[in-house]
Structure formats: structure tokens, C-alpha cells
Amino acid sequence: MSHKVRIANTDLVVNPIGLGTNAVGGHNLYPNLDEQQGMDMVRDAINHGVDFLDTAFIYGPRYSEELVGKVVKEIGKRHDVVIATKAAHNFVDGEMRMDNSPAFLKQSVDEALRRLQTDYIDLFYIHFPDEDTPKDEAVGALKELKDAGKIRAIGVSNFSPEQLKEANKDGYVDVLQGLYNLMQREAEQEFFDYTKTKQISFVPFFPLASGLLAGKYKEDTTFPEGDLRNNQAHFQGEAFRENLAKVEKLREIASQKQVEVPHLVLAWYLANDAIDVIIPGAKNGSQVQSNLQTLDVTISEAEYRAISDIFA
Ligand code: NAP
């Protein structure tokens with residue numbers, strides 16, 4: 001089954017199963033990444049119907065945008081693919097700080113355009129808030145870039161509820177990308193009423209809790225040095241064991257429905273009217289193809305609640 005969805009009120013219409021590409025050249029997040037494998041995965045994803053790619057300057061840094069841009073250019077389908085990217089990390093004299101100043105955001109968009117080898121970015125996010133730029137001024141700069149045709153839609157990410165409201169003073173924000181998965185549910189209370197009222201689409205990041213919700217890890221699973229999962233609380237000690245037990249309960253629901261755990265989890269997000277699209281990450285083409293099977297999964301209201309309750 002394949003159906004397209006519109007992201008908020010934008011003119012971006014995509015397969016609701018996108019692809020997060022922080023493991024495509026994201027050497028600063030995962031050790032030993034093979035860039036060729038990352039590019040093959042992006043190509044494979046597009047060939048199987050994925051048309052929404054999520055990247056960022058800081059994945060690499062730079063490499064993810066470069067590799068994604070290279071693949072999209074090579075296969076000659078720029079207009080069939082919606083590319084989202086993000087910026088805010090500013091390196092000055094070797095020091096990194098967040099920067100939402102209009103000048104930095106405009107420079108970042110120009111640099112991302114070069115790395116992506118394109119003349120427009122479909123969705124551009126301010127990746128993280130800085131401390132001093134008024135958020136409506138930052139978004140005002142993105143509105144100018146939108147009017148100039150350099151970006152097609154405006155996003156913010158990792159903003160607090162107050163920062164989002166300030167950013168959206170003039171109603172220009174199309175998308176909020178934030179942490180949200182079955183285990184980490186603060187966004188429900190903090191954002192969903194506001195985003196739904198303002199017709200802002202919420203894009204959850206870490207939808208599979210970095211793989212924990214895909215249902216394949218065991219108590220003795222370990223990750224190599226430098227892997228971001230070594231620093232995530234839900235992968236540590238007792239919390240990890242408790243989460244694995246909850247995933248087993250998900251597996252019971254999945255088996256009754258004769259679907260796989262990651263597809264049940266991903267379908268749970270798409271059943272939420274605050275969410276239009278999801279961007280599960282992957283390490284290879286078979287995970288991407290697997291995740292596309294989510295399109296065949298529908299969940300009833302009772303199943304939606306049962307899944308929610310396991311992690312309540
Ligand atoms: P995720 O989507 O929660 O988990 C992805 C990981 O789950 C994969 O790398 C793979 O890891 C495993 N996996 C995926 N599909 C699978 C399947 N079918 N079967 C088994 N395992 C599967 O985490 P994420 O990729 O970090 O987050 C998604 C995207 O959100 C990122 O790529 C990035 O674009 C975005 N993001 C944004 C922010 C932000 O600040 N805005 C922050 C984080 C992420 P293994 O094979 O290693 O198990």
C-alpha cells in the first residue's frame with residue numbers, strides 16, 4: 001500500500017515513511033560507518049519509494065548532506081525527493097556554539113545548498129535554539145529565504161514550548177521536530193495541543209528509540225565505543241532491562257496481528273493526528289525496506305491504547 005501525505009499546510013507531499021540519515025556519513029554519532037553503504041542505502045530507499053530524506057549539517061559534520069546530495073544528483077530525481085536539513089552549530093576558532101542569528105542561518109542555507117548540490121531545500125530547520133536570538137527574528141530570516149525560493153518550508157527543532165511560540169509569532173513555522181517515542185513521551189503534553197491548533201506538523205526523532213523499539217536487542221547487547229547509545233539512559237542497566245521487557249509485550253501484540261515489532265511501533269506514530277510523517281533511521285537498505293512495510297499496518301483505537309499503556 002502506498003499513499004502520500006501533505007506535511008502540515010506546506011506543498012510538500014510525501015510517503016509518510018521517510019528516512020533519517022544521521023547514520024549516512026554521521027561519523028560523529030556512530031563509529032566505523034561505511035560511506036558507500038550509506039549512499040547505497042539512500043539510493044535503495046529512493047528506488048523503493050522513500051521520497052522524504054532528513055539530514056543535517058552536524059551529521060558528519062557535513063558528510064551526511066554531501067552524501068545525500070550526491071545520491072540524489074546521481075539518480076537524477078531531485079524534484080521527486082523532498083530533502084529536509086538543519087543547521088545551528090557554528091564552529092568559531094574550534095569552539096562550537098548554537099547560532100540562530102539571521103546572518104548565520106542565511107549563510108548556513110547557502111552552504112547546505114552547495115553540499116546538497118541543489119538550488120532549493122524543501123524543508124529547513126533551525127536545529128537547536130541558541131541563547132540570545134529572538135526566535136521570531138530567526139524564523140523571520142527563514143521566511144525571507146522562503147520568499148526568495150531557497151527553502152520551501154520552515155522548521156524548528158529541539159525548541160521548548162516557549163521558544164516554539166515565540167518562533168511562531170507570525171505563524172511561519174510549518175514543522176517542529178522533537179524527541180518523541182513510546183518511551184519518551186513529554187512531547188504529548190508539551191506540544192501536541194499547540195501544534196495541532198496551529199497546524200504545525202510534529203516530526204518525531206528517535207522513533208525507534210535508536211533501535212531499542214525495533215525489538216532485536218537482548219540484555220547482553222553491547223555497542224562499540226563512540227556509539228551514541230552508550231550515552232542514552234534507556235540503554236543503561238536496569239532501565240535497559242525494563243525496556244526490553246516492555247518490548248516483549250509489544251511483541252505479543254505484534255504477533256497477534258502478524259506484523260513485526262518495528263512496524264507496529266512506527267504505525268503507532270502515524271495513527272496520531274499530530275504527526276504526518278516519520279523519519280526512522282537505518283543502517284542498511286533491508287532495514288529501510290522493512291520499515292516501509294509499516295504502510296500495510298493499521299491499528300485500532302484499542303490497539304493504540306494498549307501499545308501506549310505498555311510504556312505509560
Ligand atoms: P531511530 O530512528 O530511533 O533508530 C534507528 C536505528 O534503529 C537504526 O539506525 C537501526 O540501528 C535500527 N533499525 C531501524 N530500522 C530497523 C529495523 N527495521 N529492524 C531492526 N532495526 C532497525 O534513531 P535515529 O536514526 O537516530 O533517529 C531518526 C532520525 O531522526 C535520524 O536519522 C535523524 O535524521 C533525526 N534526528 C534528529 C535529531 C534532532 O535533534 N532534530 C536528533 C536525533 C535524530 P541498528 O541497526 O544499529 O540497531
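Start at 1 and go down the list; that is how both ligands and their atoms are numbered.
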Would you kindly confirm whether Val261 and Ile17 end up in one hydrophobic cluster when ILVMFWY residues are joined by side chain heavy atoms under 4.5 Å apart?
yes
Under 4.0 Å, heavy-atom basis, I'd like to know which part of [X] is in contact with ligand 1: side chain, backbone, both or neither.
| X | result |
| --- | --- |
| His127 | side chain |
| Gln232 | neither |
| Ala23 | neither |
| Gln287 | both |
| Leu29 | neither |

Tell me whether ligand 1 is touched by [X] - counting only heavy atoms on the residue side and a distance under 4.0 Å.
| X | value |
| --- | --- |
| Arg229 | yes |
| Tyr125 | no |
| Ala282 | yes |
| Tyr217 | yes |

Only heavy atoms of Gly20, strictly under 4.0 Å: list the atoms of ligand 1 that pass.
29 (C), 31 (C), 32 (O), 34 (O)
With heavy atoms of Ser290 as the reference, note each atom of ligand 1 found under 4.0 Å away.
18 (N)
